[in-house]
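First up is the structure itself, then whatever we jot down about it.
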Amino acid sequence: MEYFFCDTGAELPETYRYLAKLEAVLGKPIARLNAERNFAHYFEVFRGTLPSPQMRWCTSLLKIKPLEEWIGEEDAVSYVAIRADESNRKGYVSTKPNIKTRFPFVEDDIDHAGVVRILEDAGINLPEYYKWRTRSGCYFCFFQRKAEWVGLADNHPELFEKAVAIEQKTLKDAGLDGDASFAASGMKGRQYTWSDGETLTELLGRRDEIMRRHAESMERAKKKRKNLPLMEVLSDALDDDDETTPCTVCHL
Ligand code: SF4
């Protein structure tokens, strides 16, 4: 059994810390697979177009390509950790005949509570980012929910600012001079902004409204399913403003 992590170079600090914990428990190294070129390079290649759920060049170039190159032509089984209660999610399914895919949690009927139990029994618990975000992935990941963007601004302001800078470059390249110009242009489309329908600075300007709605969702989630651990309530509440379900290639 070999362990790997496709590292885009833009992962959260909490993710890197969690990988170190996992390595200690496994007693084996987790290979870090870096693409030959980084996000900045491909951002230029795609002429400043942001990746989006519709145009997900980041996953193919920064996650899947390095993985397939690492495996090469040898026969391999890729174990994908989709849980039994999320079997509608997509995981990495190889297009290469030498890589077979298995879904052990689905096969063994291990659900969310089962995974948490395994992590607790192993003494590593959940990653720290669960306090404000339920998924790993790049700090600028466009699958982030609005409340999670606010969480990024609060927990990693410097990373939030970097995401703002990337977005502002996209707007500038599209001939738009900042947020007001974007709002006035009537231009829609995820290729211009990380989050749907607004820039990150506009989103942060709505912080109070977003967090109020998030708190309401948390209340609803708590009432819907009583005695849930906070982490599951958070997950349910965030799902309320989820637009697309990401695949497990990117998210732990
Ligand atoms: S985590 Fe998000 S931004 Fe990063 S490669 Fe995956 S889909 Fe793209």
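Order of appearance sets the numbers: ligands from 1, and atoms from 1 within every ligand. Hydrogens, waters and symmetry mates play no part in the numbers below; they use all other heavy atoms, side chains included.
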| task | Check ligand 1 against Gly137 and write out every atom of the ligand that is under 4.0 Å from a heavy-atom position of the residue. | result | 1 (S)
| message | Can you see whether Trp132 engages Glu14 through a side-chain donor-acceptor pair at a distance of less than 3.5 angstrom? | response | yes
| query | Is the shortest distance from a heavy atom of Thr59 to ligand 1 less than 4.0 Å? | reply | yes
| remark: Quick note on ligand 1: atoms under 4.0 Å from a heavy atom of Phe140 include exactly 3 (S)
| query | Should you measure from each heavy atom of Cys138, which atoms of ligand 1 turn up under 4.0 Å away? | reply | 1 (S), 3 (S), 4 (Fe), 5 (S)
| task | Locate the shortest heavy-atom distance separating Lys146 from Ser195; write the atom from each residue and the value. | result | NZ-OG, 2.9 Å
| Does a side-chain heavy-atom distance below 4.5 Å link Leu119 with Asn125? | no
| Sidechain N-carboxylate O distance under 4.0 Å for Arg213, Glu216 | no
| task | Please find out if less than 6.0 Å separates the ring center of Phe160 from that of Phe140. | result | no
| field | Heteroatom test (N, O or S) for Cys58 near atom 4 (Fe) of ligand 1, limit 2.8 Å | value | no
